[in-house]
Participant: 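Can you read through this structure? Questions will come right after.
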Amino acid sequence: MSAATKSRGFVGVVTPQDMTFDVPLELRSGAVMPAYTLRYETYGTLNETRTNAVLVCHALNASHHVAGMYADDPKNIGWWDNLIGPGKPVDTDRFFVIGVNNLGGCHGSTGPASRNPATGRPWGADFPLVTVEDWVEAQRRLADRLGIERFAAVVGGSLGAMQALQWSISFPDRVRNALVIAAAPRLSAQNIAFNEVARQAIMTDPDYHGGDYYAHDVVPRRGLRLARMLGHITYLSDDSMAEKFGRDLREGKLNFGFDVEFEIESYLRYQGDKFSTYFDANTYLRITKALDYFDPAMAHGGDLAAALAPATAGFLVISFTSDWRFPPSRSREIVKALLDNSHDVSYAEIDAPHGHDAFLMDDPRYHGVIAAYMGNIAT
Amino acid sequence: MSAPLTGSRPDFATIAQWVAEGARVLDLGCGDGTLLRFLRDTRNATGYGVDISDENVLASVGNGVNVIQSDLEAGLSGFESGSFDYVILSQTLQAMKHTERLLNEILRVGREGIVTFPNFGYWRVRAQLVAGRMPVSRELPYQWYDTPNIHLFTIRDFETFCRGHALRILDRVVLTDGQPVSVAPNLFGSLAFYRLDHAPGANPIQP
């Protein structure tokens, strides 16, 4: 990113903060987190009436670093920087935006690699399974500590959108608007199947050591790499892969071997290698489980409308036509359930070629709808 | 922030007079959402617009009304039966492929339907045809080669259709230049407004 594009609409240098909680958190599994830390970042200014706060929830591999850059690492730009900043669709001149690393994460919040106070060693396999409901409860406690009674909006894409949806159900009085982007109301068998292959890749890696690999000073890198390669295939569309890589050959010819030949192989290996150097395998396992478990309709006999009945927020639901991981039909299930409740909802189906990853792209139609919606939220 | 409404258009006022205070409305082919906003501001109506185009969805969101991006030709399966007091189809019927199916859906989802359309029997339209040209007017602003209108029809056509499909006409208003037309409306009216429901005891339209 050039200096010129950075200055306009760029939140600039940001500094993450930590908030520690010592009131035990009972999780959906029944396990209890005695104490924990959440790492978060904020952009913009909380107004005097504290009515302009926006919570951004992250998806599988992202973090609290939503926008801006770090002074000591200027190349590390926030993962949703194209959406959030001064004058951007989520305008930090108007809104006070919070990004938070979820419990169980590996970017600063308490997670499997953190020290378990009971043993003095990393939690590892003992770190409990966390759910979307647990994350939302933890985020609610962070909101309490920041003095935010009611969010102007909770925003998320993919797994982040599930958190936005859960916020509207768990704490209807505390969220005025929910932006639910590239979401599904629950995973399909195929979605769970992909997650299970990813988990098996990690758990069958000899370096996994039942989840306690920290003690052995190794990382199940091969498994993590495979999991990421598999995931990446599901984030892109067939068309975008064809457009980006086609059948292009690295060296312009077949080598009749198993080293990288096609560009797509090179890309996937690169993504897998990169990911395996910074992401914690135990976190990956737990986040995929949180995805699998998310199903707000389950407690209502599969009736999603009944699950969403308590919500009072206004909703903006957005899907992308080429997303085959959570296709538009899954978003329409959410819209239908909201309509059945006569809740306020707008739904945009963006004709974008990028597959599931489209929610991270800078598409003028997509960003235009968010800007228009956010522009009508009073602060 | 939403822009203020600039006066009340006669076609909006005609529709609004039929909409009860606090009614639930569904506006099919809602455009930029100004009719819904008008009904919200003047009748305390709540509800949703439906539109297929990106531009209209964006404009409706900007207007602060609920809008669902969807193709009307695919039906209204996202909406439960009887979930609206009124389903409005404002100057859209003539552009729809599945006329019968859509009218059936309107009266499945809504208690009543409000349908408006440009009258192809209007004398200025007829005059252009007599002169050997496809009509172009304020209500029909397109050229023959770029028009979305595929099912142009007259007031008489529509009323014949309603009789043949067990649709009961509860109200009718015909306007030209915003003024009501009472004499020979199929000749002197440019825009027709109907409030409809199912004729008592009638079966739904069989497409």
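All values derive from a computational prediction rather than experimental measurement. Convention: sequence-line order gives letters A, B, ...; per-chain numbering from 1.
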Participant: With rounding to the nearest 0.5 Å, note down the distance linking OG in A:Ser331 to CD in B:Gln69.
Facilitator: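 With rounding to 0.5 Å, OG (A:Ser331) is 12.0 Å from CD (B:Gln69).
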Participant: Counting only heavy atoms not in B:Gln143, do more than 12 sit closer than 6.0 Å to its CD atom?
Facilitator: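 Yes - once you tally the heavy atoms of other residues, nucleotides and ligands closer than 6.0 Å, there are more than 12.
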Participant: Could you grab the distance from atom CG of B:Leu58 to atom CD1 of A:Ile370, nearest 0.5 Å is fine?
Facilitator: 11.5 Å
Participant: Is the CD atom of A:Glu243 crowded by more than 12 outside heavy atoms at less than 6.0 Å?
Facilitator: no
Participant: Evaluate the criterion side chain to side chain contact (heavy atoms under 4.5 Å, CB included) for residue pair A:Leu339 and B:Ile68; output intermediate values, then yes/no.
Facilitator: CA-CA 10 Å; A:Leu339 289 172; B:Ile68 308 297; 4.3 Å; yes
Participant: For chain A, which residues from residues 71-92 of chain B lie under 4.5 Å away (heavy-atom distances)?
Facilitator: B:Ser77, B:Gly78, B:Phe79, B:Glu80
Participant: With chain B as the partner chain, list the residues of residues 173-186 of chain A whose heavy atoms fall under 4.5 Å from it, by residue number, and write 'none' if nothing qualifies.
Facilitator: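 When heavy atoms of chain B are the reference, residues 173-186 of chain A contributes no residue within the under-4.5 Å range.
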Participant: Taking everything shown except B:Arg156 itself, do over 12 heavy atoms lie less than 6.0 Å from its CZ?
Facilitator: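 Check fails, neighbour count at 12 or below.
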Participant: Chain B: which of A:Lys336, A:Arg332, A:Arg365 shares the most heavy-atom pairs with it under 4.5 Å?
Facilitator: A:Lys336
Participant: Could you tell me which portion of A:Val335 (side chain, backbone, both or neither) has an atom closer than 4.5 angstrom to a non-hydrogen atom of chain B?
Facilitator: side chain
Participant: Quick check on A:Asp362: does its CG atom have over 12 non-hydrogen neighbours (other residues, nucleotides or ligands) under 6.0 Å away?
Facilitator: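 Atom CG in A:Asp362 is packed in, count exceeds 12.
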Participant: For chain B, which residues of residues 342-352 of chain A have at least one non-hydrogen atom nearer than 4.5 Å to it?
Facilitator: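 Listed by number: A:Ser342, A:His343, A:Asp344, A:Val345, A:Ser346, A:Tyr347, A:Ala348, A:Glu349.
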Participant: Counting only heavy atoms closer than 4.5 Å, note whether B:Val57 contacts chain A via side chain, backbone, both or neither.
Facilitator: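 For B:Val57, the contact with chain A is made by the side chain alone.
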Participant: Please classify the contact between A:Leu338 and chain B as side chain, backbone, both or neither, with a heavy-atom cut-off of under 4.5 Å.
Facilitator: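 Just its backbone gets close to chain B.
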Participant: Report the residues that fulfil ring-ring contact (aromatic ring centres under 6.0 Å, His included) with A:Phe326, sequence neighbours left out, ordered by chain and then residue number.
Facilitator: A:His356
